[in-house]
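Source: prediction; values computed, not measured. Just follow the structure's listing: the first ligand is 1, and inside any ligand the first atom is 1. Scope of the values below: all heavy atoms of this structure, side chains included, with no hydrogens, waters or symmetry mates. Numbers for residues simply follow the sequence, beginning at 1.
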Amino acid sequence: MTLTQDIRQRRKVEHVQAVQALGDPASVSSGFECVELVPCAVPEVAWDDVSLATEICGVRLESPIIINAMTGGADEVYDINRRLAQVARRFGLAMALGSASAGLASPEVAYTYRVVREIHEDGIVIANVGMGTRLERARQAVELVGANLLQVHFNAAQELFMAEGDRDFRGALEALAEVAHGVGVPVVAKEVGQGISAEDATRFADAGVRAIDVGGLGGTNFIAVEAWRRGVEIDEFWSRWGLRTAAAVCEVQAAAGHRVDVIASGGIRTALDVAKAMALGARAVGIAGPLVRMATQADGEAQLNRFMEELHFGLRALLVLTGCRNFSELRGKPVVILGWLREWLEARGLA
Ligand code: FNR
């Protein structure tokens, strides 16, 4: 094994350890406290008529919950992917894999990715590569797991805080366009916790992506994760750097919602967060950190199942209680935006 391969595999394990050690940020919200749904006292909806189905990039999803990109590429994370794939299969969820780079560089760990396709045989599986990845590499990532979609993550802040990270981000948009036009499956551009703005959404849509996962601030923070790996703590400023998820959903929806599907992620934790994101226009949501924390517990399978049961029950209940049978009806309902988010959107000319 080369030194780079070793660093890459160790990094996979350290990311899981960091996310376990850090938990969610206590003082930085994802912004959904500024978003309110209007309750409906006369729903005229039957529980059994409610559908949680949605669609991204022309692909039907039985549930709006996506298990977002996390891991693969080291023996130690095999069990995490196995457990996540089992819960994805059980609840009919799309599941994204962690960046394919370690699996493509070291074929002996490819099995830690492939297990997801083996278990989630007929499900929606999403491959993941980093910004700047060229077409040939992207094709290999898709082939590795027979992916239905490909995520390309944009993580400049993470790279800068990573001792061994990239320092030159030129050419990433051009590479994205090449991948989006040539890879043969729909491409999703995503952030990993610092959010995507209206301006960036337009650039991504112009590059030909079919969806944007906003990866906003308020959940797992990769600036903190990389600082943890180096044994340092970040200060207040860096813990708040980025665009909060609710703001990012509004920005991307306003700028590019007519051209791409918006996926909300970054601190999505409850059914209410999901319903609010969907009411703002998202077509699906991604959840990562809490799922890996559950998957690494001794009773991880039971915890994941209970969490998903509750989340789906809560979502169904919220659709009924806003008088909706599905998410497209929810998108037509009024949403009240308050506080700093309202001011932010006004200041940005997006209100
Ligand atoms: C991630 N995330 C991530 N994203 C990505 O595009 N490629 C990757 O390889 C990884 N790796 C990874 C490892 C671990 C352990 C976690 C928890 C997360 C980021 C993830 O997909 C998501 O964008 C952020 O974690 C924000 O969502 P949550 O965690 O706040 O729900």
Side-chain angles (χ1 to χ4, degrees), residues 8-25 28-32 65-74 76-77 80-81 83-84 94-104 112-113 116 126-133 138 141 145 147 149-159 162 165 176 187-196 211-226 228-229 242-246 248-249 263-270 273-274 277 284-296 307 311:
R8 236 186 229 135
Q9 294 192 22
R10 226 168 340 112
R11 186 160 73 218
K12 297 288 184 174
V13 178
E14 287 170 4
H15 282 161
V16 172
Q17 291 168 340
V19 168
Q20 284 172 307
L22 294 167
D24 273 332
V28 187
S29 84
S30 53
F32 287 101
I65 312 297
I66 298 172
I67 297 180
N68 221 348
M70 278 183 278
T71 205
E76 295 88 331
V77 301
I80 296 174
N81 270 349
R83 283 184 161 175
L84 294 174
M95 175 170 167
L97 282 147
S99 170
S101 56
L104 295 177
T112 63
Y113 298 85
V116 171
I126 308 172
N128 182 287
V129 294
M131 62 198 290
T133 299
V145 288
L149 305 172
L150 176 71
Q151 291 177 334
V152 179
H153 66 254
F154 283 71
N155 63 335
Q158 178 188 6
E159 295 291 341
M162 199 189 293
L176 178 70
V187 168
V188 182
K190 83 184 276 281
E191 239 288 352
V192 301
Q194 267 63 48
I196 289 172
I212 295 175
D213 175 338
V214 307
L217 183 69
T220 304
N221 183 342
F222 266 87
I223 292 180
V225 167
E226 297 302 342
W228 182 92
R229 287 182 61 220
L243 191 54
R244 295 182 196 217
T245 300
V249 168
I263 301 170
S265 81
I268 299 282
R269 299 294 177 257
T270 65
D273 292 338
V274 181
V285 307
I287 306 180
L291 303 182
V292 81
R293 285 190 284 271
M294 288 180 226
T296 44
F307 175 79
L311 195 60

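No side-chain donor from either of N81 and T112 sits under 3.5 Å from a side-chain acceptor of the other.
The ligand atoms of ligand 1 that sit less than 4.0 angstrom from a heavy atom of H153 are 5 (C), 6 (O), 7 (N). If you number the atoms of ligand 1 from 1 as listed, the ones under 4.0 Å from a heavy atom of N68 come out as 21 (O). The G219 neighbourhood of ligand 1 comprises atoms 30 (O), with distances under 4.0 Å to a heavy atom of that residue. Taking every heavy atom of E191 and a limit of under 4.0 angstrom, the matching atoms of ligand 1 come to 23 (O).
What you find for V214 and E191 is that their closest heavy atoms are O-CB, 3.6 Å.
For the pair G193 and ligand 1, the shortest N or O to N or O distance does not fall below 3.5 Å. Of the N or O atoms in S99, one or more lie within a sub-3.5 Å distance of an N or O in ligand 1. Considering both main-chain and side-chain atoms, G267 comes within under 3.5 Å of ligand 1 through a nitrogen or oxygen pair. Not a single N or O atom of I268, backbone or side chain, sits closer than 3.5 Å to an N or O atom of ligand 1. Residue G98 has no nitrogen or oxygen atom sitting less than 3.5 Å from a nitrogen or oxygen atom of ligand 1, judged on distance alone. Here's the thing with K190: one of its N/O atoms is less than 3.5 angstrom from an N/O atom of ligand 1. Of the N or O atoms in D24, none lie within a sub-3.5 Å distance of an N or O in ligand 1. Between V292 and ligand 1, no N or O atom pair is found at a separation short of 3.5 Å. When only interatomic distances are considered, the shortest N/O to N/O separation between N128 and ligand 1 falls below 3.5 Å.
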### Query
Given the rule in the salt bridge (charged side-chain N to carboxylate O under 4.0 Å, His left out) test, do R229 and E226 qualify, once you have shown the distances and angles that lead to the verdict?
CA-CA 5 Å; R229 287 182 61 220; E226 297 302 342; 2.7 Å; yes

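The protein atom (non-hydrogen) at minimum distance from atom 24 (C) of ligand 1 is V192 O, 3.6 Å. The protein atom (non-hydrogen) at minimum distance from atom 14 (C) of ligand 1 is M70 CG, 3.7 Å. The protein heavy-atom contact nearest to atom 3 (C) of ligand 1 is A69 O, 3.1 Å. Closest to atom 29 (O) of ligand 1, if we only count protein heavy atoms, is T220 OG1, 2.5 Å.
The shortest separation from a heavy atom of G215 to ligand 1 is not under 4.0 Å, leaving the residue out of contact. Using a 4.0 angstrom heavy-atom cutoff, I287 counts as in contact with ligand 1. Contact annotation: G266 has at least one heavy atom less than 4.0 Å from an atom of ligand 1.
In this comparison of T245, N221, V19, L291, the heavy atom closest to atom 15 (C) of ligand 1 sits on V19.
With a 4.0 Å cut-off on non-hydrogen atoms, R269 touches ligand 1 through its side chain and not its backbone.
Each of I263, I287, I65, I66 was scored for a side-chain contact (heavy atoms from CB on, under 4.5 Å) with I268, with one residue passing: I287.
Distance CG/N128 to CD/Q151: 5.0 Å, rounded to 0.5 Å.
Shown here are the side chain to side chain contact (heavy atoms under 4.5 Å, CB included) partners of A138, two or more places apart in sequence or in another chain: T133, L150, V179, V183.
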